[in-house]
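Throughout, a chain's letter reflects where its sequence line sits, starting with A, and its residues are numbered from 1.
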Protein chains: 2
Amino acid sequence: MTRSPKADSKGRKLSSFLCFAVYSANLAFGRAYKPILDAFGLTYTQYIALIALSEADEQTVSALGEKLFLESNTLTPILKKLEQSGYISRTRDPADERQVRVSLTAAGRRLLDKEINASLVEATGLGDEFPIVQKSVVRLRDNLLHHTRGDSKKG
Amino acid sequence: MTRSPKADSKGRKLSSFLCFAVYSANLAFGRAYKPILDAFGLTYTQYIALIALSEADEQTVSALGEKLFLESNTLTPILKKLEQSGYISRTRDPADERQVRVSLTAAGRRLLDKEINASLVEATGLGDEFPIVQKSVVRLRDNLLHHTRGDSKKG
DNA sequence: TCCGATTAGATCGGATACGATCTATATTCA
DNA sequence: TGAATATAGATCGTATCCGATCTAATCGGA
């Protein structure tokens, strides 16, 4: 169909942009999860941080940041909030006072052990395709990150 | 998805969460695009808004928001910035003073006609898989949005 | 015609992201 | 040892997102 010249020349429609698909899928995740997470007093990012924390105890902020692709400027405020909420603990490492060790508290662990996950996975409505889509998006992300790394300074 | 109640008591790995894959893919897009968009003085969101604006002239803020899955609280500041940058025009509709009509300026159109797109698509590194991944993510997003609509107030 | 309801944006506050910068601690090496 | 350097977090300013609320304009019914 001959759309106006501008939409055609190079001008694909917005919906054909992968970046927009991911961008809006991320918004959609946030909204789909919100009512569920609200019940636990969590935000989307806080929930993701808790999952990363469930993988190991005594992680440093940097280690956590590598998993989440975030740095201390973003993580510190979030971790402080999670600490205030009682879901995690933050302590300076006595062996190296520069580092802060972060762990789930019992309350935090209980939270994740609830069926929070089941209700959330269901919201994707992807069925059997779930793992396939997941793999593709992971590869996409890694390609993008790799492409970015080609710069000069630190990632 | 019928995943076992708990893949491990420690929880599945963060990387196995689709929500995290999308979340981090979105972060990765932002970073991969940033050096390219910086050269044009654009942020990621502003760029996406411009693409949506390239599809039609004289769109209302609401119409634009439907495409972008955003509302006036998010769009208004962004559109004001794009107006200040000279890439778009904002005018109250004389027929209905409540509505604001938004269009690309000549400068905005020139910007999108540059090869900004080509360099950006390349960064995904997905090759032939590009359209497949794109479709899956779109469906995922729509499922999530549909799931959300059932819950609360406005659709 | 007038008043209430609706609609379209705009504003405000809280919570991310992120670049730039700062502080405190640790390490290196002359 | 001590100054320069490096590292780990923390802080700050800007730009999104989003819920809640506000204002202005339009519409609808009596």
Legend entry - Along DNA chain D (nearest heavy atom to each residue), the more 5'-positioned of A:Arg98 and A:Ser72: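 So the residue in question is A:Arg98.
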Legend entry - Of B:Glu97 and A:Thr60, the one whose closest DNA chain D nucleotide lies more 5':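 Result of the comparison: A:Thr60.
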Please check the phosphate of [N] (OP1 and OP2 only) for any side-chain N or O of [X] closer than 4.0 Å.
X       : N      : result
A:Thr76 : D:dA10 : yes
B:Lys80 : C:dT11 : yes
A:Gln99 : C:dA24 : no
B:Thr45 : D:dC17 : yes
B:Arg90 : C:dA10 : yes

Length of the [atom1]-[atom2] vector between [X] and [N], whole Å:
X        : N      : atom1 : atom2 : value
B:Leu27  : D:dT16 : CG    : P     : 15 Å
A:Phe69  : C:dA17 : CZ    : P     : 13 Å
B:Gln59  : C:dG9  : CD    : C1'   : 16 Å
B:Arg101 : C:dA8  : CZ    : P     : 11 Å
A:Tyr23  : C:dA17 : OH    : P     : 13 Å
B:Glu83  : C:dA10 : CD    : C1'   : 14 Å
B:Lys34  : D:dT16 : NZ    : C1'   : 13 Å
B:Tyr44  : C:dC18 : OH    : P     : 12 Å

Legend entry - Shortest side-chain distance from B:Arg31, nucleotide among C:dA10, C:dA15, C:dC18: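 Minimum distance to the B:Arg31 side chain belongs to C:dC18.
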Inset, instruction - Would you indicate which nucleotide in C:dT16, D:dG9, C:dA8 comes nearest to any side-chain atom of A:Gln46? - result: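 From the listed options, C:dT16 comes nearest.
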Legend entry - Any donor-acceptor N or O pair under 3.5 Å, side chains B:Arg141, A:Ser24: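 Distance-only check passes for B:Arg141 and A:Ser24.
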Legend entry - Side-chain heavy atoms of A:Glu55 within contact of A:Lys67, under 4.5 Å: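 SC-SC contact between A:Glu55 and A:Lys67 confirmed.
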Legend entry - Close side-chain approach of B:Leu79 to B:Ile88, heavy-atom, < 4.5 Å: yes
Inset, instruction - Would you mind telling me which of A:Val61, A:Thr60, A:Leu64 makes a side-chain contact (heavy atoms from CB on, under 4.5 Å) with A:Val100? - result: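 Going through the options one by one, the only one that passes is A:Val61.
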Legend entry - Distance-only donor-acceptor test (3.5 Å): side chain A:Asn73, base C:dG19: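 Between C:dG19 and A:Asn73, which were checked side chain against base, a qualifying N/O pair under 3.5 Å is present.
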What nucleic acid atoms does [X] come within less than 4.0 Å of, heavy atoms only: base, sugar-phosphate, or nothing?
X       : answer
A:Thr43 : sugar-phosphate
A:Leu75 : nothing
A:Asp96 : sugar-phosphate
A:Ile78 : sugar-phosphate

Legend entry - Spacing of CZ belonging to B:Phe20 relative to CD belonging to A:Gln134, to within rounding of 0.5 Å: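 Rounded to the nearest 0.5 Å, the CZ-CD separation comes to 10.5 Å.
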Inset, instruction - Kindly indicate, with the supporting measurements, whether the criterion salt bridge (Lys or Arg N to Asp or Glu O under 4.0 Å) is fulfilled by A:Glu97 and A:Arg92. - result: CA-CA 5 Å; A:Glu97 291 276 347; A:Arg92 289 272 165 191; 5.4 Å; no
